[in-house]
Structures are given as structure tokens and as C-alpha cells.
4 protein chains.
Amino acid sequence: MESPSVEATDPPARGPRHASILLAATAIIAERGYHKASISDIIARAGIARGTFYLYFSNKRSVFEEILEQAIERLAEAIRPIELGPDSLPPRTQLHANLTRVLSLLLSERALCSLLLDNSLSPDPEGQQPLASFFTRVRAMIRSSLDTGIEMGLLRPCRTEWVAAACLGAVRGVVGQLLETPDLPELGQLVDEIIDFALHGVIARPDAF
Amino acid sequence: MESPSVEATDPPARGPRHASILLAATAIIAERGYHKASISDIIARAGIARGTFYLYFSNKRSVFEEILEQAIERLAEAIRPIELGPDSLPPRTQLHANLTRVLSLLLSERALCSLLLDNSLSPDPEGQQPLASFFTRVRAMIRSSLDTGIEMGLLRPCRTEWVAAACLGAVRGVVGQLLETPDLPELGQLVDEIIDFALHGVIARPDAF
Amino acid sequence: MESPSVEATDPPARGPRHASILLAATAIIAERGYHKASISDIIARAGIARGTFYLYFSNKRSVFEEILEQAIERLAEAIRPIELGPDSLPPRTQLHANLTRVLSLLLSERALCSLLLDNSLSPDPEGQQPLASFFTRVRAMIRSSLDTGIEMGLLRPCRTEWVAAACLGAVRGVVGQLLETPDLPELGQLVDEIIDFALHGVIARPDAF
Amino acid sequence: MESPSVEATDPPARGPRHASILLAATAIIAERGYHKASISDIIARAGIARGTFYLYFSNKRSVFEEILEQAIERLAEAIRPIELGPDSLPPRTQLHANLTRVLSLLLSERALCSLLLDNSLSPDPEGQQPLASFFTRVRAMIRSSLDTGIEMGLLRPCRTEWVAAACLGAVRGVVGQLLETPDLPELGQLVDEIIDFALHGVIARPDAF
DNA sequence: AATGAATGAGGGTTCATTCAT
DNA sequence: CATGAATGAACCCTCATTCAT
């Protein structure tokens, strides 16, 4: 006997329509940017009537919040904490897997990227910014990994709050650039390059410079 | 060529009014954010009439584009190519000076930042994106520096088109984070940390990992 | 005549559903006022589906019209013509009974009042106004009573079409005021006061003034 | 030198437009009722563009509030307290003048009447009801007059809070009836009839009944 | 009979832009 | 040059009504 209220949500309902609106909205944001995406655009793309939109979402903001939450959730699933136990894979391997998952997710859905890379998302100052808080969370994860690495003597001491921001930024920078080119590179190489950069920097020998 | 005048601008002309509008618009952006800045806000702040605005700017976008261009120009001035001649300062010193200039400029004017970090400024696909092209330019500068460094054996060989993007991204990441906190850090340390990260990465010894 | 059925109503039929919708609508009016009462409110209260509503009523107006008609009917039942036969109760007693019935009906159901006192119920000029015609009927009854009273020498001659309107208005005025206060007065006193006013006016002695 | 800010009002401005919108809105209310009067109706009638409306009124409610306030003000001017000094005109004469002013004002502008007689005005429960409070004020004036009259022995003792409501209602009743007929009666007679009713009631002799 | 997802006209409001003065 | 009243397209949202199931 299946309970009919396994996943009862708010007034709006789920269903294929719900998904198609989400899809349409994501596409619209990708091509027009968040602030210019209008309900009219979305319903035109989804092929539904005006009122139907409000059957599934209580207002404009909530669609975008849901898209964002979905994206964040998928992204969060792709990022797994680095384990340092004796039976764990080497840290670099774990890091590589993480980055590969993240990048392949991002590059497979450009619309999603334009959402995640758009710093101007925060619709209103009054609303909290789920995107910003997501990045803060990721930054905190990176920082904590750095702190652990330093404690273990694997990494050099540094101001981890800044370096974590730099690491995250480096990834975003690369993703941002890739979005500008039509064809995608071989992901393994790219990830190696990013990791090498983050681990060793660009210098040739420690005493150069 | 018809007019001998130095610089043909928008339909309208230059003058003190032009500057005061630009100033007002910048202030409004700083206060209310780019997307909520309205013509009404700007003219109220500038103390001019509605129509006067359109005497100096052909539309709303053009004000922000001009502000952006100004910002880019100042930023571009702050970035000077690394010279590697025998009489030049050490590269790291030059890099340090560059980054310090850039960061102090950005952090001193948050309004400017919100424009620079906002990817969605020019949402019209038809219009060119001065911001994107600026970043492309900076990335190219970094890449060219990296290429030179590699040629000279100072830097290790790497895919410079990606590493350049990572370097730029790292800086943006740090700036982005600093904007979220009210108080600013000591700039010298911050810049050193960024440079150390970019040069040496985070690893403790070359053979660690 | 085609159908032998007792009463052809709206397209739909009668039944327990019909009554429960009427009940729900009355309750909603009482709670939220006529103009804010929505179909959604009503069906939620009645516990029926949206479409079901239109099985019993052709549109929103018709529910309220039916409620109004019911109210008018009950009100009409409460008003009985004054009999002046030798075996009848004294006119004042009959009048007193009438007014008491009317007021106790009105005051016991405020929802009903808000419909009855709201002149703007049927805003469509094309539709007849059952409320207005009801009041016209009541006014005619009062006037006819006045005429009879004058003929019999009980009442002073006057322009009965105006005085009837004044009498009816006086009652509505009192009801309207009572609706603004939460607690109800003793009805017998109130009715006496109204009757005294209508019969004797406010003057102390006939020759005062 | 005329000060340019003799009558600076809120954001919206005065002027012929302001008045014409007010006029249009009044007409629309008169013919469609308050709740069905839409901005579209009003601007169509006023012959202005949508945006122009909001140049003069901050929202829909404010137009109606202003209309109501104007009406109330004019009505309030028509009602003057009854003076009972030795040099004053006889009370009945003063009363007659008051009623004549009120009725001639009301009957000369039917649109105004439909506003004043519509009990359903109160646009929102949250907003205060200027109309209701006006009538409360008038009722208080009448009551105070009644109290004075009773003290002086001119009027018979009675529950003045109810009788005042009845008096006011009587007038509203007569006005309401007159609105249903196209042609207006001779005002002097009408007023006399109302006053006679309020003073002496309808009874023939004190001891009748 | 009963349902409820879908509809779309219409609501109030905003704001970049124009143009007669 | 400067003005600011006027514009109207576009915005988000509501809700009475319909119809395939």
C-alpha cells in the first residue's frame, strides 16, 4: 500500500508539467539571463497558458529558486569529501574524481552553468542567496581539506581562507572560459592541469624566481 | 571625414553634465545594485530633469556601458606587462605591484566591482560584451606572460590557455570573497598569498602526494 | 409545457450538494465579505471539486443571487400586513411583532445583512436587481399601510411615498448602526423606540417648536 | 512673487489632469460600482494613457479615497450645527436649511450619491473606512442635537443613539428612493415632509392608536 | 455525477523613452 | 540646452470558467 502523501509538497503540484516548466525556465535563463527572463518567455517555451504556470509555482522567484536548488543539489552530490584513511584512494585520485564529476556535470548542461556563474543572481537583497551560500559551503569544504593537509604536513602552511577562495575561483575561471568555446576538451587532461596548478603552481623549480 | 572633432561620442555631447550623470549612476549602482538602478534614481541623484538625461545618453544601457568602459580602462591601466629585461625589477615584484594596484582599485570601489563581477550585464546576445572581451584580453596577457616564462625556463610547461584562466579565476575568487566581508585585510599579505598560490601551489614539498 | 417537474431551476439540478454550496457560500460571505468571496473559498468550504460547483450553479453570481432570494423570502415571511379588523390585535402590537421578527432575523445572521445592505450586489445594469425590487415592495407595503391609516383617520395626511421611504430608511439606519457594535441590545426596547419615533417623532409636545 | 510651492502635495501633482481623472473615476463608479471600476475604465473615460494615471495618483485606492474625501467635505460643509441662541433662527428653519443644502447637493450629483449610499465601499477591511466614520460623525452630531433638545425640554426623552441612527436612515431612505426616479420633486416640500416625519411622526393625534 | 488541470482575459502597476514647450 | 508631463508596452499575478476524463 503506497501512501498517497509520500512527497506532498506545497500548494503547487508535481507532475510532467512541473518538470517541463522547470526545463523551459532553465533554457530561458540560459539564453536571456535571469533578470530578463519573464513569465511570458517561460510559458511560451513550455507551451502552457499563463494561469497554468501558477498552478505549479507560486510565483516567478520560486521557479528560479527550485532550479537553483536542483542544480546545487546535483553539484553537491558530485563533490565528495576527500578521505585520508589508510584504505582510501590517494588524495589526488579522489580530487581528480571530484573535479571530473563537477566539470562533466557543468559542461553537459550549459544552462545550468550560466545560472551558477552568474554573480548577479540574488534576485533581491531581501531574499537570502542560496547560490552564495552554496559557494560559501564549497569554500568551507575546500578550506577544511587544506587545513587537514597542512596539519598532516602534506600541504604548506598558508592563509587557507584566501587560498580556498583562490582554488574555487580557479575552477570557476576555467569553466567560464570553456563556456566561451564551442568544443569541449578531453576532461582528464583538463582536470590534471587544474590539479597540477593548484598543487604545484606554475613555477619550474622551487628556487626559480 | 566630416567632423574635425576629437571624438565622436553618442548622439549627445560631453560636458560637466555628462560627468555628473555618470557619477550619479555609479553611486546608484553602489547603493541599489545594477538591476534595480532606475533612470528616476539617477536623475534624482544627479539633480537633472528626465529629458536632460537623454541629451547625454541615448538610453539606460549606454550609461552603464560607459561606466563599465571607464572601469575597464582604469583596471587596464593598473595592469602592466611583466618586463623581463636585465634592468627590470624582479618579475615577482612586478607581479606584486600589478596585483596590488588591481585589488586596491577594486576594493576601494565596490560599485565598480558589482559591475565587473556581474556576468549578466549585457544580456543582449547581439551586443558585444565589453566585459567579456576585457577578461579575454587579460587572460591573453596572462597567457602570454606564462608562455614567455616557460620559454625562459622559469615556469614549467603547461596548457597555458587553461592555466591563464585558472590564474584569473583565482584572483576573481579572492575578490569575490572579500566583497562578502565588511572589513578589508592587509593588502600586501593578501597579494603575497595569491602569488605564492599561483607560483607554488599548495603542496608542501615537490614530492609530497 | 414540457416538463412536469415542479420547478425548473438553473441548468443544473437540486439536491443536497446544491444546499451545501449555498451554505458554504453564505459562510464565506460572512467571513470575508461579498466582494472577496471566491469560488475557491466556497468549494473548499463545501468540500467539493471545482467543476461540481458549475453543475449546480451556472456562475458565481447565481449563487449569491440565490442566497439573496432566500434571504428576501425569509424577510418577506417575517413581514405581515397590518390587519385592522375588529378582531385583530392592536396595530401597534402587530407592527411591533413585525419589526421584532425582522430585526431578530437580521441580527442573527450578519452574513445576510451584508448582502442586504450592500447596494452594489448586482452591478450589472442589464440584470434586474432583486434587492432593489424587494425594497420597493416593502416600501409599497408600508405606503399602503400608511394610506389605510390616513383614510381611517389614525394617521395624519402626508406624502406617503416619501414617508414610507423614510420609515424604511429609519429601520435600515438602526440596523446598520447595530451591525457596527458587537453586542446586541434588548430587542423589545429597540423596537419600541423605533415605533415611537415613527409614530410620534421626537418632539416633546405638539406645539413645541 | 508667487511661491512655487504654495500647495506642494505628495509625489502626485495637481492640475487639470488631476481633476479630469477624478471626474472620470466618479462617473465610472456611478455607473459600474466601486468594485467593478477598473483603471482601464477610468483612463479610457479620462482619455489619458495608463502611465499618466499614476502620475497623479499613487494607486487605485487613492483615487477613490480622494473622491470620497471631497464628497464628505462638501457634505460636511452643507451641514451646520443647529444654534439655539436667542438671536438664532428658529431650529426648524435651521434644520430646513441644512436638509435643503444636503439634498440639493446630493440630487445634483447622482454619481456622488452612489458613492455615499454604497455600504460596500470599504475597499479592504485593513483600510479604515472614511465613509463609515463620516456617517458616524453625522450620527453623533444628530444625537448631540437631540440631547440638547431633550435637555431644553423641546424634545421628548428617548434613546438618542438609536433615534439618531433612525433620523439619518430616514434621510438616506428618501434620497435612495429619489435616485430611482428620473425627475426631482420640489425640494422645499420634500424637506418639510421629512422634518414633519422626524418631529411628529405619522400619528394623527397623540392619543390615536 | 463528479473531477480538477488547464485556460486566458483581465487586474493593477512600473518605467524607459519621447516631445512639445 | 533643458524640461517634465505624457506615453504605452511590458511586467507579475488572479480567478471565474471550461472540458476531457
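In what follows, chains carry the letters A, B, and so on, assigned in the order in which the sequence lines appear, proteins first and then strands, with residues in each chain numbered from 1.
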Counting Watson-Crick and G-U wobble pairs only, both distances under 3.5 Å, name the nucleotide matched with E/dA6, or none. F/dT17
Can you check whether C/Tyr56 has a side-chain N or O nearer than 4.0 Å to OP1 or OP2 of E/dA2? yes
Quickly work out the C/Phe53 CZ to F/dT17 P distance and round it to whole Å. 8 Å
For A/Arg50 and for D/Arg50, find the nucleotide of DNA chain F with the closest heavy atom, then tell me which residue's nucleotide is more 5'. D/Arg50
If pairing means Watson-Crick or G-U wobble with both distances under 3.5 Å, then the partner of F/dA9 is E/dT14
So, OP1 or OP2 of F/dC15: does either fall under 4.0 Å of a side-chain N or O from C/Ser40? no
Looking at C/Tyr54, I'd like to know whether one of its side-chain N or O atoms comes within less than 4.0 Å of OP1 or OP2 on F/dT17. yes
Using the closest heavy atom to pick a nucleotide of DNA chain F for each, name whichever of D/Ala49 or B/Gly51 lands nearer the 5' end. B/Gly51
Do you know the tightest heavy-atom contact between D/Phe57 and D/His18? CZ-CE1, 3.5 Å
Below 4.0 angstrom from OP1 or OP2 of F/dC15, is there any side-chain N or O of C/Ser38? no
For E/dA1, the Watson-Crick or wobble partner whose two distances fall under 3.5 Å: none
On the nucleotide E/dA6, are OP1 or OP2 found under 4.0 Å from the side-chain N or O atoms that A/Arg17 carries? yes
For the student: nearest non-hydrogen atoms of C/Ile43 and C/Ala49, plus distance: CG2-O, 4.1 Å
